[in-house]
> 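Below is a structure I'd like to ask you about.
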Amino acid sequence: MDAGETLGLVGESGCGKSTLGRTVVGLEEATGGSVTFRGEEVTDASDARMRELRRDIQIIFQDPASSLNPRMSTKQIIAEPMRFLTDWSREERDARVHELIDEVGLGEEHLSRAPHEFSGGQQQRIAIARALAVKPQLVVADEPTSALDVSVQANILNLLDDLQDEYDLTYLFISHDLSVIRHVCDRVMVMYLGRLGEVAPTDRLFDDPKHPYTKALLSSVPRADAGVNTNRIVLEGSVPSPENPPAGCRFHTRCQDYIGDMCEEEDPEFRRIEGPEHVCACHHYD
Ligand code: SF4
């Protein structure tokens, strides 16, 4: 990821997006591959080093209601990461809480209230304040608006955008919602069954997708200028189990552009499509 960018991660439910996000912040162990942060391999970091890294890498969860401790006040919730991850004094922590509650669009009168006293949108604002409390560099936003009313989703996205500018944040933005991904991301990674199939700048991916799975995903997006979407690609077959993915290309059991035995036998490697920023793993581009 590039510092300051919003990198999207998109794919169907159950494809492994959230697992990847939780692995990046150290909430799940990597079962393969590795995680590097600013050039440092962190997959096997010691507990002490992971504690330091948690200051730099924070997460916002999909469902704010279940991510906020119902027995804590808003002030305690926002202050908690500072208590565990910094050596800031109580006065410094209090000052930061007051700064944050204002930055996320709530007021000091909200600090003594419990999570259940807030709407979903307000709860997500509190969760965002908690994530930013220790001034991280990278924030994993795991479906941060999916559990919210449509009417408040745009407000939360705008808040995340404003805070990115203010704190020079890098976001890993996980979503199944392609319209949200297109709106907020600089680049997008497309995942199928725990494996990336295509990575590209957002405009290029939406204008000229290369991977057959990306094409199918994007073809399902309703277009304002079309009555019936006659170009929609309907994927045949059920989604295989991520625990037991197909050999070769993981998409071969449903691919509309299947080209033969090599799809079943060889896992395709990433190839550059146009420039270094657009890469795709499909035998069509070998
Ligand atoms: Fe389809 Fe074969 Fe490409 Fe996989 S490698 S996406 S099965 S054409």
Side-chain angles (χ1 to χ4, degrees), residues 1 5-24 30-35 142-143 172-182 184-223 226 228-286:
M1 296 182 68
E5 79 166 338
T6 299
L7 177 61
L9 177 60
V10 69
E12 294 166 294
S13 295
C15 73
K17 306 186 297 296
S18 291
T19 302
L20 189 148
R22 292 171 65 84
T23 304
V24 168
T31 53
S34 65
V35 178
D142 185 4
E143 303 266 11
L172 173 58
F173 195 99
I174 299 171
S175 181
H176 69 281
D177 187 329
L178 289 160
S179 58
V180 170
I181 287 281
R182 184 169 201 173
V184 304
C185 296
D186 301 304
R187 288 192 300 146
V188 182
M189 305 184 291
V190 181
M191 176 176 267
Y192 182 79
L193 287 184
R195 190 68 58 90
L196 296 182
E198 186 165 5
V199 183
T202 305
D203 287 345
R204 200 178 297 170
L205 187 96
F206 278 82
D207 290 346
D208 191 15
K210 297 298 185 186
H211 195 284
Y213 177 60
T214 313
K215 292 178 187 176
L217 262 190
L218 298 188
S219 78
S220 67
V221 180
R223 285 175 38 194
V228 176
N229 185 357
T230 53
N231 295 322
R232 177 159 188 184
I233 300 166
V234 179
L235 294 177
E236 306 288 341
S238 55
V239 183
S241 163
E243 279 78 43
N244 187 24
C249 171
R250 294 185 176 200
F251 189 52
H252 82 254
T253 58
R254 303 169 77 202
C255 181
Q256 72 278 11
D257 293 335
Y258 175 90
I259 50 176
D261 290 348
M262 66 189 310
C263 294
E264 297 184 38
E265 294 166 359
E266 292 176 37
D267 196 2
E269 295 181 4
F270 271 114
R271 308 279 181 199
R272 290 184 180 189
I273 302 296
E274 291 166 8
E277 289 206 303
H278 192 170
V279 294
C280 178
C282 169
H283 290 307
H284 272 290
Y285 305 98
D286 285 354

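We count ligands from 1, going down the list as the structure has it; atoms in each ligand are counted the same way. Treat the numbers as computed from the prediction; the structure is a model and nothing was measured. All values below come from the heavy atoms of this structure, side chains included, with hydrogens, waters and symmetry mates left out.
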> Under 2.8 Å from atom 3 (Fe) of ligand 1, is there any N, O or S atom belonging to H252?
no
> Check each of D177, D203, D207 against R182 using the salt bridge (charged side-chain N to carboxylate O under 4.0 Å, His left out) test, and report the only one that passes.
D207
> D257 heavy atoms, cut-off 4.0 Å: which ligand 1 atoms fall inside?
8 (S)
> Going from CG on L20 to CG on L172, what distance comes out if it is rounded to the nearest 0.5 angstrom?
6.5 Å
> For atom 4 (Fe) of ligand 1, grab the closest protein heavy atom and report residue, atom and distance to one decimal in Å.
C249 SG, 2.3 Å
> Could you tell me the separation between the NE2 atom of H211 and the OH atom of Y192, rounded to the nearest 0.5 Å?
10.0 Å
> Report the distance from atom SG of C249 to atom CD of E266, rounding to the nearest 0.5 Å.
11.0 Å
> Under 4.0 Å from any heavy atom of H284, which atoms of ligand 1 are there?
8 (S)
> Within the stated cut-off of 2.8 Å, is an N/O/S atom of C255 closer than that to atom 4 (Fe) of ligand 1?
no
> Quick one: pull up CD1 in I174 and CG in D142 and give me the separation to the nearest 0.5 Å.
4.5 Å
> Starting from atom 3 (Fe) of ligand 1, which protein heavy atom do you reach first, and at what distance in Å?
C282 SG, 2.3 Å
> Can a non-hydrogen atom of H211 be found less than 4.0 Å from any atom of ligand 1?
yes
> Flag C263 as yes if one of its N/O/S atoms falls below 2.8 Å of atom 2 (Fe) of ligand 1, otherwise no.
yes
